[in-house]
Amino acid sequence: MQSTTIRRAVAQDAQHLTSLIQQSGAYEGRYASIISGYRVTGEYLARHRVSVAVSASERILGFYSLVLEPPELDLAFVADDAQGLGIGRRLIGHMIAQAEEAGLTSVRVVAHPPAESFYRRMGAQRVGTVAPSPPKVTWERPELRFAVPATPRAVTATR
């Protein structure tokens, strides 16, 4: 397997990320409406913590977007042909580390229904259900939450 690195997304990645979303097999048929016309822009990348997983040849294999206020995993996608290679697991681990670095205590996820089991395997707990919001979203979505471990503070011994 090729080596994969995770780096911060840059404006030049926006079109690639948009294509990755639009080509996602998870959003065909019933779920197509939610991504119809969706575009990742340079402004979006500048405003949020967006990280990409890239192959040794610099191909973008997946990405996530962490919104800090309020804390939420806004987007998470892995290319269809890269699924099952551990890319999603690495991206979620990176997202949790970024959330911890930012001082967050939890991160909300309103999940695509078929992705709920993945998020739960990654440690998210289901906390509720988000009602449909027609016309784009006509189905309920699971609401999950990742707990972010607190970094132990350095203890200074006094004598």
Side-chain angles (χ1 to χ4, degrees), residues 4-55 58-102 104 106-133 135-148:
T4 302
T5 58
I6 298 177
R7 65 166 170 79
R8 184 81 185 248
V10 295
Q12 293 83 356
D13 295 327
Q15 182 55 49
H16 294 288
L17 302 183
T18 296
S19 293
L20 199 150
I21 291 170
Q22 295 300 324
Q23 294 168 8
S24 174
Y27 287 90
E28 293 175 344
R30 173 182 182 198
Y31 298 116
S33 62
I34 198 169
I35 62 166
S36 177
Y38 189 88
R39 297 191 48 78
V40 176
T41 64
E43 178 187 340
Y44 180 90
L45 296 177
R47 206 171 56 241
H48 304 297
R49 290 196 182 194
V50 181
S51 294
V52 295
V54 295
S55 69
E58 286 296 309
R59 176 179 169 233
I60 295 176
L61 302 173
F63 76 101
Y64 74 85
S65 174
L66 175 63
V67 174
L68 297 180
E69 188 56 44
E72 184 167 359
L73 178 63
D74 187 41
L75 300 169
F77 283 85
V78 173
D80 287 354
D81 66 346
Q83 291 182 11
L85 302 176
I87 304 298
R89 176 179 297 281
R90 289 200 48 211
L91 286 168
I92 295 300
H94 189 270
M95 182 274 300
I96 296 293
Q98 290 293 302
E100 183 179 9
E101 183 180 292
L104 304 177
S106 68
V107 176
R108 178 182 188 236
V109 181
V110 177
H112 179 49
E116 179 180 9
S117 63
F118 167 75
Y119 289 122
R120 292 183 68 155
R121 283 193 314 273
M122 297 301 103
Q125 300 294 313
R126 185 162 184 166
V127 295
T129 302
V130 175
S133 54
K136 281 197 168 238
V137 183
T138 58
W139 57 90
E140 290 184 337
R141 293 171 290 161
E143 180 179 5
L144 303 116
R145 198 161 301 279
F146 281 103
V148 177

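We're numbering straight along the sequence, starting at 1.
- Checked by atom type, the side-chain pair Q125/R145 shows no donor-acceptor distance below 3.5 Å.
- Checking side-chain atoms of H112 against main-chain N and O of A26 turns up a donor-acceptor pair under 3.5 Å.
- Closest approach of R141 and S133 over heavy atoms only: NH2-OG, 4.0 Å.
- Of the inter-residue distances, the one linking F63 atom CZ with L17 atom CG reads 4.5 Å to the nearest 0.5 angstrom.
- In this pair, Y119 and F146 present their aromatic rings perpendicular. The plane angle is above 60°, beyond the 30 to 60° band.
- Using a distance-only test at 3.5 Å, with no hydrogens or angles considered, no donor-acceptor pair links the side chain of R126 to the main chain of E116.
- Without hydrogens or angle criteria, T18 side chain to V40 main chain gives a donor-acceptor distance under 3.5 Å.
- Under a cut-off of 6.0 angstrom, the local environment of CZ in R8 is crowded, with over 12 non-hydrogen atoms contributed by other residues, nucleotides or ligands.
- Put simply, CD1 on I96 and CG on L66 are 8.5 Å apart, with the number rounded to the nearest 0.5 Å.
- Side-chain N/O atoms of Y44 and D74 include a donor and acceptor closer than 3.5 Å.
- A salt bridge between R7 and D13 is present, with a side-chain N of the basic residue lying under 4.0 Å from a carboxylate O of the acidic one.
- In this structure, CD on E28 lies 10.5 Å from CD on Q23, to the nearest 0.5 angstrom.
- When all heavy atoms of I92 and L73 are compared, the pair lying nearest together is CD1-CD2, 3.9 Å.
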Could you go through the side chain to side chain contact (heavy atoms under 4.5 Å, CB included) check for V52 and H16 one step at a time?
-> CA-CA 10 Å; V52 295; H16 294 288; over 6 Å; no

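- For S24, the side-chain hydrogen bond (donor to acceptor under 3.5 Å, both in side chains) criterion is met by no residue, not counting sequence neighbours.
- The two residues P113 and P142 have their closest heavy-atom pair at CA-CD, 4.1 Å.
- Within the structure, side-chain hydrogen bond (donor to acceptor under 3.5 Å, both in side chains) pairs that include any residue of residues 30-43 comprise Q15-R39, E43-R47 (at least two apart or interchain).
- In terms of modelled atom types and a separation under 3.5 Å, the side chain of E143 and the main chain of V109 share no donor-acceptor contact.
- If you take CG on L61 and CG on L20, they are separated by 8.5 Å, rounding to the nearest 0.5 Å.
- Atoms NE2 and CD, on H48 and E69 in that order, are 11.5 Å from each other to the nearest 0.5 Å.
- Across G42 and A14, no two heavy atoms sit closer than the pair N-CB, 4.0 Å.
- Separating the CD atom in Q98 from the CG atom in L68 is a distance of 9.0 Å, to the nearest 0.5 Å.
- A pairwise comparison of heavy atoms in I87 and A53 identifies CG2-CB, 3.8 Å as the closest pair.
- Side chain of Q22 to main chain of I35: a donor-acceptor pair is present (N/O by atom type, distance under 3.5 Å, no hydrogens or angles).
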